[in-house]
Amino acid sequence: FVWLNMAAEGGTDALPSQEPQLRPVDITPSGGWDTFYHWLCCVCVVTFDLELGQALETVLPADYALSDAEKANICYLAFPDSNSGCMGDTQYHFRIRSSGTGMGGTGVRHTRDHYGAPAVLLPDSGHYYGFVYFRQSKDADIKRGYFQKSVVLVSRLPYINLFTYLVQKIAPEYFSSGLPSLEAACYNMNQWPHPHPGEILQLPLLGFIVQPPLPPSL
């Protein structure tokens, strides 16, 4: 991957049984989220709640239809093993079975994007892939004594290297600048061209340009 500074280059740009209370975020652009859905289903923020445990705090876009079981699974898998004792930042990915209809769908509605891709890299209508960036740090201002939160990119595309790289850029900016940076990242992705096998694209993201080589066509 190539990560270019646009300014420098002259450019711009056990599971909880109680349903957690999501922060309502409606940032729907006038043209909708269709282009965003060619890449991702949604971006989730999972936090630790003293009463609920791991709880879903934010979903962008807000109207993406995850089932209750999918939300619970994402919450459960958004934090590392409780016995790991990891401090600082941790990245990993997971796959869960899709149990709901899910609107959007990164590839379920847009399979024409992926003609010619190897079978192992085609969109998976039966599963979601989650790409996690978890942060844990000591914080005396928090009752439990620790800040614990994850940003999770959720997609049906098994582009492991790409989404691992993207969450590595998006999550630290969120931890530094808050929700507006996630909203900005979603808006940026909604302007991206559609993914096509074998292409090298220039994708604006949070003031930088990402140049990911997509999986080659057969």
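Here the structure is a predicted model, which means the values were calculated and not measured.
- Scanning for ring-ring contact (aromatic ring centres under 6.0 Å, His included) contacts around Phe134 gives Phe79, with sequence neighbours left out.
- Relative orientation of the Tyr37 and Tyr64 rings is tilted, given thresholds of 30° and 60° on the angle between their planes.
- For the pair Leu206 and Lys169, the tightest heavy-atom approach, listed with the atom from each and the gap, is CD1-O, 4.4 Å.
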Query raised in the report: Stepwise, does the side-chain contact (heavy atoms from CB on, under 4.5 Å) test hold for Phe94 with Asn73?
Result: CA-CA 10 Å; Phe94 61 80; Asn73 282 331; over 6 Å; no

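- Here the closest non-hydrogen pair linking Leu60 and Glu183 is CD1-N, 4.0 Å.
- Side-chain atoms of Arg156 come within 3.5 Å of backbone N or O of Ser125 as a donor-acceptor pair.
- Looking at heavy atoms from C-beta onward, Ile170 lies out of side-chain contact with Phe131 at the 4.5 angstrom threshold.
- For Ser98 and Glu70, the side-chain atoms include at least one donor-acceptor pair closer than 3.5 Å.
- Taking the side chain as every heavy atom from C-beta outward, Leu66 and Cys44 approach each other to under 4.5 Å.
- In this structure, the side chains of Gln136 and Met87 come closer than 4.5 Å at one or more pairs of heavy atoms.
- Nearest heavy-atom pair, Val43 versus Cys186, reported as atom, atom and distance to 0.1 Å: CG2-SG, 4.1 Å.
- By the 4.5 Å heavy-atom criterion applied to side chains, His93 and Ile160 are counted as neighbours.
- Within the 4.5 Å cutoff, side-chain heavy atoms of Leu205 are placed close to those of Trp192.
- Qualifying side-chain contact (heavy atoms from CB on, under 4.5 Å) partners for Gln91, counting only residues two or more places apart in sequence or in other chains: Tyr133, Thr164, Val167, Gln168.
- Under the rule for a side-chain hydrogen bond (donor to acceptor under 3.5 Å, both in side chains), the partners of Glu173 that lie at least two apart in sequence or sit in another chain are Ser177.
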**Report entry** side-chain contact (heavy atoms from CB on, under 4.5 Å) assessment of Val132 paired with Leu77
**Finding:** CA-CA 9 Å; Val132 179; Leu77 294 169; over 6 Å; no

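- Tyr129 meets the side-chain hydrogen bond (donor to acceptor under 3.5 Å, both in side chains) test with no other residue; sequence neighbours excluded.
- Distance check: Met189 CE to His38 NE2 gives 12.0 Å after rounding to the nearest 0.5 Å.
- One distance of note links CG of Leu40 with CG of Leu166; it measures 7.5 Å at 0.5 Å rounding.
- Distance SG/Cys42 to CH2/Trp33: 12.0 Å, rounded to 0.5 Å.
- When all heavy atoms are compared, the tightest approach of Leu203 to Pro193 is CD2-CD, 3.8 Å.
- Between Tyr159 and Phe163, the angle of the ring planes stays under 30°, which puts this pair in the parallel group of the 30/60° scheme.
- For Phe175, the ring-ring contact (aromatic ring centres under 6.0 Å, His included) test picks out Phe147, with sequence neighbours left out.
- Within the 4.5 Å cutoff, the side chain of Gln191 has no heavy atoms near those of the Thr35 side chain.
- Formation of a donor-acceptor pair under 3.5 Å by the Ser99 side chain with backbone atoms of Ala69 is not found in this model.
- For His127, the side-chain hydrogen bond (donor to acceptor under 3.5 Å, both in side chains) criterion is met by Asp124, not counting sequence neighbours.
- Looking at every heavy atom in both residues, His194 comes nearest to Leu201 through O-CD1, 4.2 Å.
- A heavy-atom distance below 4.5 Å is not found between the side chains of Tyr128 and Ile74.
- Across every non-hydrogen atom of Phe36 and Cys41, the tightest pair is CE2-O, 3.8 Å.
- Listed for the Ser155 side chain is a donor-acceptor partner under 3.5 Å among the backbone atoms of Trp39.
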